[in-house]
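None of the values given here were measured: they were computed from a predicted structure. Numbers restart at 1 for each chain; the letters A, B, ... are given by sequence-line order, proteins then strands.
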Number of protein chains: 2
Amino acid sequence: MTQAGNAQAGPRARQRQARIAQILAGAERVFAEAGFEGASMSELAAAAGLPKANLHYYFGTKEALYTTLLDSILALWLSATDSIRPEAEPAEALTAYIRAKMRWSRERPQASRVFANEVLHGAPYLRSHLAGPLRALVQEKSAVLEGWIAAGRMAPVDPPHLFFSIWAMTQTYADFGAQIGAVLDLPEPDADCFARGTDTILQLVLRGCGLEPPGR
Amino acid sequence: MTQAGNAQAGPRARQRQARIAQILAGAERVFAEAGFEGASMSELAAAAGLPKANLHYYFGTKEALYTTLLDSILALWLSATDSIRPEAEPAEALTAYIRAKMRWSRERPQASRVFANEVLHGAPYLRSHLAGPLRALVQEKSAVLEGWIAAGRMAPVDPPHLFFSIWAMTQTYADFGAQIGAVLDLPEPDADCFARGTDTILQLVLRGCGLEPPGR
DNA sequence: GAAATTATTGACCATTTGGTCAGCTTTCTT
DNA sequence: AAGAAAGCTGACCAAATGGTCAATAATTTC
């Protein structure tokens with residue numbers, strides 16, 4: 001047990017992880033509401049329920065805290081395309097992908113907003129990740145769609161732009177929830193709103209790609 | 001000419017308007033890049049090419065400058081739905097609307113980003129406008145779509161959600177240009193990117209609504 | 001052309017910001 | 001039990017921020 005301590009870890013390391021998670025959870029809320037510049041270390045500390053100096057003990061700088069959070073969010077962001085594989089049925093795969101993206105908007109709206117804010121301001125910290133892993137992922141999945149198109153299994157589309165549209169439509173329910181809520185006279189998008197939104201997006205994408213909703 | 005001074009106005013008033021426009025133009029750039037909190041009065045002043053105290057002379061506070069800019073942007077935002085009228089051909093009307101929205105993303109990406117940033121952070125200054133004029137506009141245009149649907153001129157859709165999707169897809173080319181650029185290996189979305197994006201969105205929306213591209 | 005109005009700006013201010021640090025407590029190791 | 005290591009935090013700091021203001025310059029107005 002000298003240096004491993006990975007399995008169930010010592011109580012010390014466990015405590016440490018819990019504290020870090022606690023700080024990141026608070027930071028997600030605060031950064032989502034205020035953006036990077038708008039969030040102050042005092043607010044971040046208050047949100048974590050810890051003294052300010054304690055955040056500096058764990059993360060050093062505000063920027064380090066922010067990039068750590070961003071990295072964890074991007075990892076989540078990237079992990080939703082599993083359903084898109086060559087052997088899959090196009091309609092089913094796209095449906096699963098869209099539903100997964102909508103679930104993410106519903107369950108993690110603050111994470112979505114932190115990501116959106118970063119990209120909106122030019123992605124200074126995320127640019128390299130976007131041009132690296134994300135670009136690779138898009139190329140890989142675009143090839144799958146190209147295959148389906150070539151096989152006549154769906155109508156021709158420009159795969160990357162189809163992804164841009166799907167991202168935009170699904171994330172808008174988290175990122176622009178204030179606008180949607182205002183228009184629909186809700187404090188924020190509710191379950192019914194998400195259900196209708198999902199149906200609308202599915203209709204646009206499936207019909208747009210010449211597909212029928214998957215029978216189950 | 002005692003109190004009117006509206007036609008061509010005195011040189012004094014004209015100068016005043018020019019200065020205000022100059023400040024707002026700079027502010028659009030700075031607020032788009034940094035958000036409200038991230039933009040400092042010194043940056044805003046530098047972008048306008050004027051001393052800081054001069055901005056305070058014209059606008060009083062940073063907040064007043066920001067809300068003035070936001071109001072002017074919202075006015076632009078609201079003025080693009082003209083094509084959607086009961087007598088119009090659905091395919092033509094939607095095509096014109098989408099093209100207008102894409103043109104706005106192309107030509108005024110910074111204005112779009114200022115708006116997006118405001119909504120992303122809960123629309124504190126814009127909420128009342130969104131729940132007022134915007135909601136009214138959506139209800140009016142939704143009624144037009146309902147009419148088309150009832151008349152069998154297009155497939156059933158949930159009109160407000162169709163608008164949410166169209167806004168999301170078109171604005172993403174301005175607001176998330178950094179992401180799109182990173183994926184496509186461009187510094188920022190270019191003409192070709194916008195052309196392909198427009199085609200993709202038109203395909204999704206028109207086919208999604210059971211319409212054919214308008215022959216012209 | 002003198003008085004009044006409007007426009008301009010450098011110097012200044014109180015407050016808040018991200019960050020540091022010395023000293024304290026707790027937990028682990030032997 | 002004693003020493004070492006890790007965790008914690010109140011008090012503090014230099015820098016930056018939004019905003020003020022008195023002095024000055026430019027235009028109008030009469």
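For A:Ser42, the side chain to side chain contact (heavy atoms under 4.5 Å, CB included) test picks out A:Ser40, A:Lys52, with sequence neighbours left out. Residues passing the side-chain hydrogen bond (donor to acceptor under 3.5 Å, both in side chains) test with A:Arg16, sequence neighbours excluded: none. B:Phe115 is linked by a ring pair (Phe, Tyr, Trp, His ring centres under 6.0 Å) to B:Trp77, counting only residues two or more places apart in sequence or in another chain. For A:Phe59, there are no ring pair (Phe, Tyr, Trp, His ring centres under 6.0 Å) partners two or more places apart in sequence or in a different chain. Residues passing the side-chain hydrogen bond (donor to acceptor under 3.5 Å, both in side chains) test with B:Glu33, sequence neighbours excluded: none. For A:Ser112, the side-chain hydrogen bond (donor to acceptor under 3.5 Å, both in side chains) test picks out A:Asp175, with sequence neighbours left out. Scored by the side-chain hydrogen bond (donor to acceptor under 3.5 Å, both in side chains) test, B:Tyr66 finds B:Glu118 as partners (sequence neighbours excluded). Residues passing the ring pair (Phe, Tyr, Trp, His ring centres under 6.0 Å) test with A:Trp148, sequence neighbours excluded: none.
A cation-pi arrangement is found for B:Lys62 relative to B:Phe36, the charged atom lying closer than 6.0 Å to the ring centre and inside a 45° cone about the ring normal.
Summary of helix geometry: the two end axes of the helix from C:dG1-D:dC30 to C:dT30-D:dA1, each defined by five base pairs via their C1' atoms, are inclined to each other by 10° (rounded to 10°).
Rounded to whole Å, the distance from CZ on B:Phe59 to C1' on D:dT20 is 18 Å. Rounding to whole angstrom units, NZ of residue A:Lys62 and C1' of C:dT17 are separated by 8 Å. As a whole-Å value, the separation of B:Phe36 CZ from D:dT17 P is 14 Å. Put simply, NE2 on A:His56 is 19 Å from C1' on D:dA6, counting in whole angstrom units. Here D:dA6 presents its P atom at 15 Å from CD of A:Gln17, a figure rounded to the nearest Å. Here D:dG19 presents its C1' atom at 14 Å from CG of B:Leu65, a figure rounded to the nearest Å.
Panel note: side chain A:Glu37, backbone B:Glu37; no donor-acceptor pair is recorded below 3.5 Å.
The stretch residues 18-29 of chain A participates, sequence neighbours left out, in these salt bridge (charged side-chain N to carboxylate O under 4.0 Å, His left out) pairs: A:Glu28-A:Arg108.
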Write down the protein N/O and nucleotide N/O pairs, taken from nucleotides 7-12 of chain D, whose separation is under 3.5 Å; answer none if there are no such pairs.
| unit_1 | atom_1 | unit_2 | atom_2 | d |
| --- | --- | --- | --- | --- |
| D:dG7 | OP1 | A:Arg16 | NH1 | 3.1 |
| D:dG7 | OP2 | A:Arg16 | NH1 | 2.8 |
| D:dG7 | OP2 | A:Tyr57 | OH | 2.6 |
| D:dG7 | O5' | A:Tyr57 | OH | 3.3 |
| D:dC8 | OP1 | A:Arg19 | NH1 | 2.7 |
| D:dC8 | OP2 | A:Tyr58 | OH | 2.5 |
| D:dT9 | OP2 | A:Asn54 | ND2 | 2.9 |

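Within residues 37-45 of chain B, the residues that place at least one heavy atom under 4.0 Å from DNA chain D are, in residue-number order, B:Ala39, B:Ser40, B:Met41.
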